[in-house]
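Just so we're on the same page: letters track the sequence lines, and every chain starts at 1.
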Number of protein chains: 4
Amino acid sequence: MSTLIYVADELAYPIDWDPTEYRYVQIANHIEKQIQDGVLTEGAALPAVPALAEEYGVARMTIKRAVEILVERGLVTVLRGRGTFVRRRG
Amino acid sequence: MSTLIYVADELAYPIDWDPTEYRYVQIANHIEKQIQDGVLTEGAALPAVPALAEEYGVARMTIKRAVEILVERGLVTVLRGRGTFVRRRG
Amino acid sequence: MSTLIYVADELAYPIDWDPTEYRYVQIANHIEKQIQDGVLTEGAALPAVPALAEEYGVARMTIKRAVEILVERGLVTVLRGRGTFVRRRG
Amino acid sequence: MSTLIYVADELAYPIDWDPTEYRYVQIANHIEKQIQDGVLTEGAALPAVPALAEEYGVARMTIKRAVEILVERGLVTVLRGRGTFVRRRG
DNA sequence: GTGGTCTAGACCACA
DNA sequence: GTGGTCTAGACCACA
């Protein structure tokens, strides 16, 4: 059995760094915005951690922190070994 | 990919305190002099903040202020999590 | 105003590494045991992060993860810029 | 304190697959041969797991199994988060 | 081939 | 002088 899922290939919006805010918070907000706007739809997989790290220009650990925030907000579900998936629109 | 860089281990010159000038300005000038004289060459990393604080006998916040001045002067670039690097000679 | 607090200087118990369990979980459990046994009493400050990192032989980030667990368990409170303090016995 | 170490960039010898022997055993033997011949010297870091996986054309799990064998033979030491290092010649 | 843990050590924010 | 963030890149666990 296999499931076809949408995987985002690149950032839908540019991200402007606000030096007064932590990067992982900015990244979490940026991804949340894409979920709210329907760029990332329910059930869609986020790009893989290394891809996100490269797109946002940060280390993998920073992406992990951002994803933790999205999990706390109930926006995504992490399936170990499979990927990170959108749960619902914000 | 990795790059070998020169890291200064200690002060190249002694520093004399002028009580009429802020220490962070003096430290900025002192480091600028080392860049101008080629003691710290383009691409070189400055010593870490705690090391500079100890060598100059000041708090780390004072070093941070001095580095901000050097950034404003376009002499160094701060790369978060990596270090502070010489951009060009003054 | 100042407050006298007890600061632990070294590990009260040895810690045996169980390679099947994450180190930050082991460290959290190990510190919890010291709180339960009264080695670390209410209001006491934990050793500083660098000290704990050295005692447990891990990186600072691993200590941070262990402390996050202790915070979730309601055992300690982190006061940014001041230290980490025992809230209550387990 | 830091130490400069030698890191192997590619295979020193070609490897011929013997279909009657498990690949992870072959890979362990192949690496052991390089240690015995001094291609990988004491203290040297093995190439990273993904690099070895690509060079041998196997999954990373297979490399992990080969490294386990080398550990059992006392030839290498795995330091989590740092790398895998040659302990002594075979 | 994903996400998770971990290192060593950098600068940052707070008190 | 504390804890926090962040890097670059290692091995680990899971599917």
Legend entry - Close side-chain approach of Met61(A) to Met61(C), heavy-atom, < 4.5 Å: yes

Inset, instruction - Whole angstrom is fine here: how far is it from CD in Glu21(C) over to P in dC12(F)? - result: 17 Å

Legend entry - Closest listed nucleotide, where the reference is the side chain of Arg60(A) and the choices are dG3(F), dA13(F), dG4(E): dG4(E)

Inset, instruction - Could you state the atom-to-atom distance from CZ of Phe85(B) to C1' of dG9(E) in whole Å? - result: 12 Å

Legend entry - Spacing between Ile63(A) atom CD1 and dG9(F) atom C1', to the nearest angstrom: 15 Å

Inset, instruction - Output yes when at least one side-chain N/O atom of Thr62(C) is less than 4.0 Å from OP1 or OP2 of dT5(E), else no. - result: no

Legend entry - Spacing of Arg65(A) atom CZ relative to dG3(F) atom C1', expressed in whole Å: 13 Å

Inset, instruction - Considering just the side-chain nitrogens and oxygens of Thr84(D), establish if one lies under 4.0 Å of OP1 or OP2 belonging to dA10(F). - result: no

Inset, instruction - Let me know, please, whether Tyr24(A) or Met61(B) comes out on the 5' side of the other along DNA chain F by nearest nucleotide. - result: Met61(B)

Inset, instruction - Check the distance between dC6(E)'s C1' and Lys64(C)'s NZ and give it to me in whole angstrom. - result: 14 Å

Inset, instruction - Starting at atom CD of Glu54(A), determine the distance to atom P of dT2(E), rounded to an integer number of angstrom. - result: 13 Å

Inset, instruction - Answer whether the closest heavy-atom distance between the side chains of His30(C) and Tyr56(C) falls below 4.5 Å. - result: yes

Inset, instruction - Would you mind classifying the nucleic acid contact of Val58(C) as base, sugar-phosphate or nothing, using non-hydrogen atoms under 4.0 angstrom? - result: sugar-phosphate

Inset, instruction - Measure the shortest side-chain to side-chain distance between Phe85(C) and Leu46(C) over non-hydrogen atoms and say whether it is less than 4.5 angstrom. - result: no

Inset, instruction - With the side chain counted from C-beta on, respond yes when Val71(C) and Thr77(C) share a heavy-atom pair under 4.5 Å apart, and no when they do not. - result: no

Inset, instruction - Please give the nucleotide sitting opposite dG4(F) as a Watson-Crick or G-U wobble pair, both distances under 3.5 Å, or none. - result: dC11(E)

Inset, instruction - Before accepting this row, confirm whether a basic side-chain N of the pair Arg73(D)/Glu32(D) lies closer than 4.0 Å to the acidic partner's carboxylate O. - result: yes

Inset, instruction - With DNA chain F as reference, determine whether Gly57(A) or Leu79(D) sits nearer its 5' end, using the nearest nucleotide of each. - result: Gly57(A)

Legend entry - Closest-nucleotide ordering on DNA chain E, the 5'-leading residue of Val49(A) and Gly81(B): Val49(A)

Legend entry - Arg82(A) CZ to dA13(F) C1', straight-line distance once rounded to whole Å: 16 Å

Legend entry - Rounded distance in Å - CG (Leu70(B)) to C1' (dC11(E)): 15 Å

Inset, instruction - Could you tell me whether the phosphate oxygens of dT5(E), OP1 or OP2, come under 4.0 Å of any side-chain nitrogen or oxygen in Arg80(D)? - result: no

